[in-house]
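A quick write-up on the structure given underneath.
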Amino acid sequence: MPELPEVEVVRRGLERWVAHRAIGDVEVLHPRAVRRHVAGADDFAQRLKGQRIGVPMRRGKYLWLPLEDTHTSVLAHLGMSGQLLVQPQQAPDEKHLRIRVRFTDGPDDPAAAGTELRFVDQRTFGGLSLHECAADSTDGLPDVIAHIARDPLDELFDDAAFHDALRRSRTTIKRALLNQSLISGVGNIYADEALWRAKVHYERPTAGFTRPRTAELLGHVRNVMAEALAVGGTSFDSLYVNVNGESGYFDRSLDAYGREDEPCRRCGTPMRRRPWMNRSSYFCPRCQRPPRASS
DNA sequence: CAAGGCTCCTGATAGC
DNA sequence: TGCTATCAGGAGCCTT
């Protein structure tokens with residue numbers, strides 16, 4: 001499940017393999033993969049043809065490819081299972097290949113010659129679309145994601161504003177961490193990991209957060225993401241821009257996510273799983289005490 | 001308007 | 001053995 005670190009690994013791969021390449025034919029094999037492109041699959045393909053890709057950018061879990069000499073960008077979201085792969089043109093189609101982007105020239109790196117970009121997505125929660133850039137953007141930020149907050153690895157992320165937002169909100173901390181308009185890039189896995197590290201229960205009301213507690217939690221969010229990024233980045237050395245939910249750094253040691261009934265790595269108490277917002281929350285019942293009036 | 005719930009989708013797995 | 005139910009979950013959209 002791609003969250004910020006995985007998406008950043010993909011962005012770096014795209015920067016290496018497809019930046020500054022000119023787009024040729026585009027093939028949309030499944031309409032759902034371009035459902036955010038309101039004008040439809042044919043329009044998407046025709047408008048991309050002949051454009052040159054700029055330097056890939058990312059905010060939270062979104063990434064985009066600015067199109068040089070235009071005010072438009074290709075927006076990409078991987079959803080649950082999306083992958084952006086750079087493959088040799090002759091490689092067999094993947095089972096869940098949704099979009100193919102051919103190029104009319106090679107990149108600076110001749111090793112990438114003869115390759116194409118493929119969007120592969122089993123569960124079709126992700127997709128590509130073409131958008132105008134936000135009016136005040138200098139980096140090609142698509143207008144449709146202008147509401148997405150900066151992510152905690154962005155140097156312009158405003159810690160004080162985030163704390164103030166927590167204090168103002170009548171919600172609980174995990175909901176806030178997953179609210180992409182407050183802080184972006186955090187998904188279910190890294191939320192549980194950061195909360196475990198901070199010894200904070202997922203249902204703790206945000207209104208009671210002190211400045212030091214917010215600062216500590218943000219530190220843990222940043223650390224767990226940086227560690228995951230470091231691991232994910234090491235495996236990226238081939239002609240393959242990968243998001244892999246099954247392997248890669250996912251088999252690194254997670255402290256909370258998926259560890260139901262296993263001993264807490266701090267205190268040994270069996271970890272618990274609770275149904276939460278149609279998904280699961282993993283936590284240590286001893287290290288992460290629930291707030292009063294909460295189960 | 002803020003907050004919370006619903007829904008899209010496919011494949012792995014559990015259970016009968 | 002083979003079917004059905006359950007789970008995974010990001011984020012737009014809808015309701016309250």
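Below, chain A is the first sequence line, B the second, and so on; all start at residue 1. Worth knowing before you read on, the calculation uses all heavy atoms, side chains too, and leaves out hydrogens, waters and symmetry mates.
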**Asked** What pairs meet the side chain to side chain donor-acceptor pair (under 3.5 Å) rule with one or both residues in residues 146-158 of chain A, with sequence neighbours excluded?
**Response** A/Arg58-A/Asp151, A/Arg150-A/Asp154
Identify every side-chain donor-acceptor pair in residues 23-31 of chain A under 3.5 Å, counting partners at least two apart or on other chains, and give the distances.
| unit_1 | atom_1 | unit_2 | atom_2 | d |
| --- | --- | --- | --- | --- |
| A/Asp25 | OD1 | A/Lys49 | NZ | 2.8 |
| A/Glu27 | OE1 | A/Arg100 | NE | 2.9 |
| A/His30 | ND1 | A/Arg32 | N | 3.1 |

**Message:** Distance check needed: C/dG10 C1' versus A/Lys174 NZ, whole Å only.
**Reply:** 13 Å
**Asked** Counting only side-chain N and O atoms of A/Tyr190, is one of them less than 4.0 Å from OP1 or OP2 of C/dG10?
**Response** no
**Request:** Compare the minimum distances between each of C/dG12, C/dA11, C/dA8 and the side chain of A/Lys61, then state the nucleotide with the smallest one.
**Result:** C/dA11
**Message:** Running the 4.5 Å side-chain criterion over Ile, Leu, Val, Met, Phe, Trp and Tyr, what cluster does A/Met271 land in, apart from itself?
**Reply:** A/Trp196
**Contacts of A/Arg47 that satisfy side chain to side chain donor-acceptor pair (under 3.5 Å) - sequence neighbours left out** = A/Asp43
**Request:** Summarise protein proximity over nucleotides 3-10 of chain B in one line of letters, 5' to 3': B for base, S for sugar-phosphate only, - for none, counting protein heavy atoms closer than 4.0 Å.
**Result:** SSS-BBBB
**Asked** Is the phosphate of C/dG12, meaning OP1 or OP2, less than 4.0 Å from a side-chain N or O of A/His147?
**Response** yes
**Message:** Distance check needed: C/dC7 P versus A/Glu260 CD, whole Å only.
**Reply:** 12 Å
**Prompt:** Over how many whole Å does the gap from A/Arg274 atom CZ to C/dA8 atom P extend?
**Reply:** 14 Å
**Request:** For the residue pair A/Thr70 and A/Arg52, confirm or rule out a side-chain donor-acceptor distance under 3.5 Å.
**Result:** no
**Message:** If only side-chain N and O atoms count, and only distance matters, is there a donor-acceptor pair under 3.5 Å linking A/Arg273 with A/Ser280?
**Reply:** yes
Extract from the structure each pairing of a protein N or O with an N or O of nucleotides 14-16 of chain C at less than 3.5 Å, listing the distance.
none

**Prompt:** With ILVMFWY side chains joined below 4.5 Å, transitively, what does A/Leu156's cluster contain besides itself?
**Reply:** none
**Message:** Rounded to whole Å, how long is the line connecting atom CG of A/Leu78 with atom P of C/dG9?
**Reply:** 16 Å
**Fill in**
Atom CG of A/Leu177 and atom C1' of C/dG10 are separated, to the nearest Å, by 15 Å
**A/Glu3 CD to C/dG9 C1', straight-line distance once rounded to whole Å** = 10 Å
**Request:** Check side chain to side chain donor-acceptor pair (under 3.5 Å) between A/Asp139 and all other residues, then give those that pass, not counting sequence neighbours.
**Result:** none
**Asked** Which angle, to the nearest 10 degrees, lies between the helix axes at the two ends of the helix from B/dA2-C/dT16 to B/dC16-C/dG2, each defined by five pairs?
**Response** 60°
**ring pair (Phe, Tyr, Trp, His ring centres under 6.0 Å) partners of residues 43-80 of chain A, not counting sequence neighbours, each pair once** = A/His37-A/Phe44, A/Tyr62-A/His77
**Fill in**
Taken in chain and number order and not counting sequence neighbours, the residues that satisfy side chain to side chain donor-acceptor pair (under 3.5 Å) with A/Gln89 are none
**Item:** For A/His131, all residues meeting side chain to side chain donor-acceptor pair (under 3.5 Å), sequence neighbours excluded
**Value:** A/Ser129
**Prompt:** Just how far, in rounded Å, is P of C/dG12 from NE2 of A/His37?
**Reply:** 17 Å
**Fill in**
5'-most contact on DNA chain C (nearest-nucleotide basis), A/Val144 vs A/Arg273, goes to A/Arg273
